[in-house]
Protein chains: 2
Amino acid sequence: MRAWRGFLAASALVNRHLDQQLKDDSGLSHPQYEILVRLAAAPRNELRMTELANGLINSKSGLTYQVTQMEKAGLVQRRSCPSDVRGVFAVLTEAGRARLEEAAPGHVSAVREALIDVLTPAQLEAIADGLGEVSRRLREQG
Amino acid sequence: MRAWRGFLAASALVNRHLDQQLKDDSGLSHPQYEILVRLAAAPRNELRMTELANGLINSKSGLTYQVTQMEKAGLVQRRSCPSDVRGVFAVLTEAGRARLEEAAPGHVSAVREALIDVLTPAQLEAIADGLGEVSRRLREQG
DNA sequence: GGATGGCGGTTCGAATTTGAACAACCCCCT
DNA sequence: AGGGGGTTGTTCAAATTCGAACCGCCATCC
């Protein structure tokens, strides 16, 4: 049960810490940063709303809200899908890419400082394998 | 970075999964459950608001909100501190204890099923040690 | 004593999140 | 053709969260 308590506390504290760091550093919330990262990694820098929502944590309506905010801020753009009238792509704009590239280094180093550097290589390996498996199971089951 | 992605995903998915399980099973939110657990573990089943807020994740105002909700539901009670007029204790009520004892088994087994049983003993050890250390550092530094 | 700085908790407004309901649509089957 | 069943994204109200401002009070220093 020590692992459970540790996981719970670390999960909350790390998320909180990085939210803060990200907001102070670049004015992005963590969800918004995640959206930018995923779009930047996607082919053509665009993804269907549903794909974004699946990869992320929040509900569909939460995603709609965030994308609307980011569209107002000029970081992404909506584009309707030609083959399916219902479908909507979120596309990364030039400004969005720039914003991400500006925010990423600070965020990455914060992650490194808070998490990576604290752990031994063996612990990192165990966490990557173990928690990866945990995620996979919850995903396919949930 | 694999560890980072795994941690991030697991953190979100596990929290979400357990929130859900807890709400379906006993009508408690995760924050509320945590409050009950801490009070039940405290001497005399009571804690100062600030102590609760420190142990938990949310802000002071968030705690005020939750305790108010739980007081309406009869799970806790406020008691002013005799030696410091400003201070407020949150006290676990009999109903609160009963509610916790009713919710705990299901929650514990959900935790076990989602997390503990998926990991090897070595992984559990690494997570307990590593993430414990991560938490400790963030706490004393934050 | 009496100011002064800081703490403990609440209140307030704004931002975010959620689940359920909704409207429009695709796919498959007959 | 045409009708279910499931999907897609949005809208809505309600719940929760946060940060900043605030009030009342302790403690300490002059």
Side-chain angles (χ1 to χ4, degrees), chain A residues 11-13 15-25 27-35 39 46-73 75-91 142, chain B residues 11-13 15-25 27-35 39 46-73 75-91 142:
Chain A
S11 157
L13 288 171
N15 270 313
R16 191 172 189 69
H17 178 67
L18 292 177
D19 252 27
Q20 198 59 48
Q21 197 273 332
L22 210 45
K23 214 166 302 180
D24 291 347
D25 192 30
L28 289 169
S29 69
H30 198 100
Q32 289 176 346
Y33 179 83
E34 279 296 317
I35 290 175
L39 287 181
E46 64 182 12
L47 280 175
R48 288 289 286 273
M49 294 297 263
T50 296
E51 292 185 275
L52 262 178
N54 284 348
L56 291 166
I57 303 86
N58 39 12
S59 54
K60 285 182 304 178
S61 46
L63 180 63
T64 294
Y65 173 78
Q66 282 295 358
V67 168
T68 301
Q69 295 305 104
M70 294 171 74
E71 197 170 22
K72 280 183 196 161
L75 304 178
V76 303
Q77 213 174 338
R78 278 182 226 250
R79 184 172 80 78
S80 54
C81 172
S83 65
D84 185 342
V85 185
R86 300 167 303 171
V88 174
F89 282 103
V91 192
Chain B
S11 157
L13 289 171
N15 270 312
R16 191 173 189 67
H17 177 67
L18 293 176
D19 252 28
Q20 198 58 48
Q21 196 273 332
L22 210 45
K23 214 167 302 180
D24 291 348
D25 191 32
L28 289 169
S29 70
H30 198 101
Q32 289 177 346
Y33 180 82
E34 278 297 315
I35 290 175
L39 287 181
E46 63 183 13
L47 280 174
R48 287 289 287 271
M49 294 298 263
T50 297
E51 292 185 274
L52 263 178
N54 285 347
L56 293 165
I57 302 86
N58 39 11
S59 52
K60 283 184 304 178
S61 46
L63 180 63
T64 295
Y65 173 77
Q66 283 295 357
V67 169
T68 301
Q69 294 305 104
M70 294 171 75
E71 197 171 20
K72 280 182 196 162
L75 304 178
V76 303
Q77 214 174 337
R78 279 182 225 250
R79 185 171 79 77
S80 54
C81 171
S83 66
D84 185 342
V85 183
R86 301 167 301 172
V88 174
F89 282 103
V91 192

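Side chains are part of it too, since the values below use all heavy atoms of this structure and drop only hydrogens, waters and symmetry mates.
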Practice problem: Find the distance between SG (B:Cys81) and CD (B:Glu46) and round it off to the nearest 0.5 Å. | Solution: 9.0 Å
Quiz item: Under 4.0 Å between a side-chain N/O of B:Thr64 and OP1 or OP2 of C:dG9, yes or no?
Solution: no
Quiz item: Side chains of A:Leu75 and A:Gln69: does their closest heavy-atom pair fall under 4.5 Å?
Solution: no
Self-check item: Separation of C:dG9 P from B:Glu71 CD (nearest whole Å)
Solution: 14 Å
Could you go through nucleotides 27-29 of chain D and list every protein N or O atom that sits under 3.5 Å from one of its N or O atoms, giving the distance for each pair?
none

Exercise. Figure out the CG/C1' separation between A:Leu47 and D:dG9, and round it to whole Å.
Key: 15 Å
Quiz item: With a 4.5 Å limit on heavy-atom distance, are the side chains of A:Arg78 and A:Phe89 in contact?
Solution: no
Practice problem: Could you check how far CE of A:Met70 sits from C1' of C:dT16, rounded to whole Å? | Solution: 15 Å
Exercise. Would you indicate whether the side-chain heavy atoms of B:Gln21 and B:Asp25 approach each other to under 4.5 Å?
Key: yes
Quiz prompt | For atom CG of A:Leu52 and atom P of D:dG9, their distance in whole Å | solution = 10 Å
Self-check item: Selection residues 53-63 of chain B - residue pairs positive for side-chain hydrogen bond (donor to acceptor under 3.5 Å, both in side chains), sequence neighbours left out
Solution: B:Ser59-B:Ser61
Practice problem: Check the distance between D:dG9's P and A:Phe89's CZ and give it to me in whole angstrom. | Solution: 9 Å
Self-check item: Where protein sits on nucleotides 17-29 of chain C, one letter per nucleotide: B base, S sugar-phosphate only, - none, heavy atoms under 4.0 Å
Solution: BBB----BBS---
Practice problem: Apply the side chain to side chain contact (heavy atoms under 4.5 Å, CB included) test between B:Val76 and each candidate in B:Leu47, B:Thr68, B:Leu52, B:Leu39; give the one that qualifies. | Solution: B:Leu39
Practice problem: Considering just the side-chain nitrogens and oxygens of A:Arg78, establish if one lies under 4.0 Å of OP1 or OP2 belonging to D:dG9. | Solution: no
Self-check item: Nearest-0.5 Å distance, CD of residue B:Glu71 to CD of residue B:Gln66
Solution: 13.0 Å
Exercise. May I have the distance from A:Leu22 (atom CG) to C:dT16 (atom P), rounded to whole angstrom?
Key: 13 Å
Self-check item: Contact summary for B:Met49 and B:Ala90, nearest pair of heavy atoms
Solution: SD-CB, 4.4 Å
Quiz item: Is any side-chain nitrogen or oxygen of B:Gln69 closer than 4.0 Å to OP1 or OP2 of D:dA15?
Solution: no
Quiz item: What's the spacing between B:Arg16 CZ and B:Leu18 CG if we round to 0.5 Å?
Solution: 12.0 Å
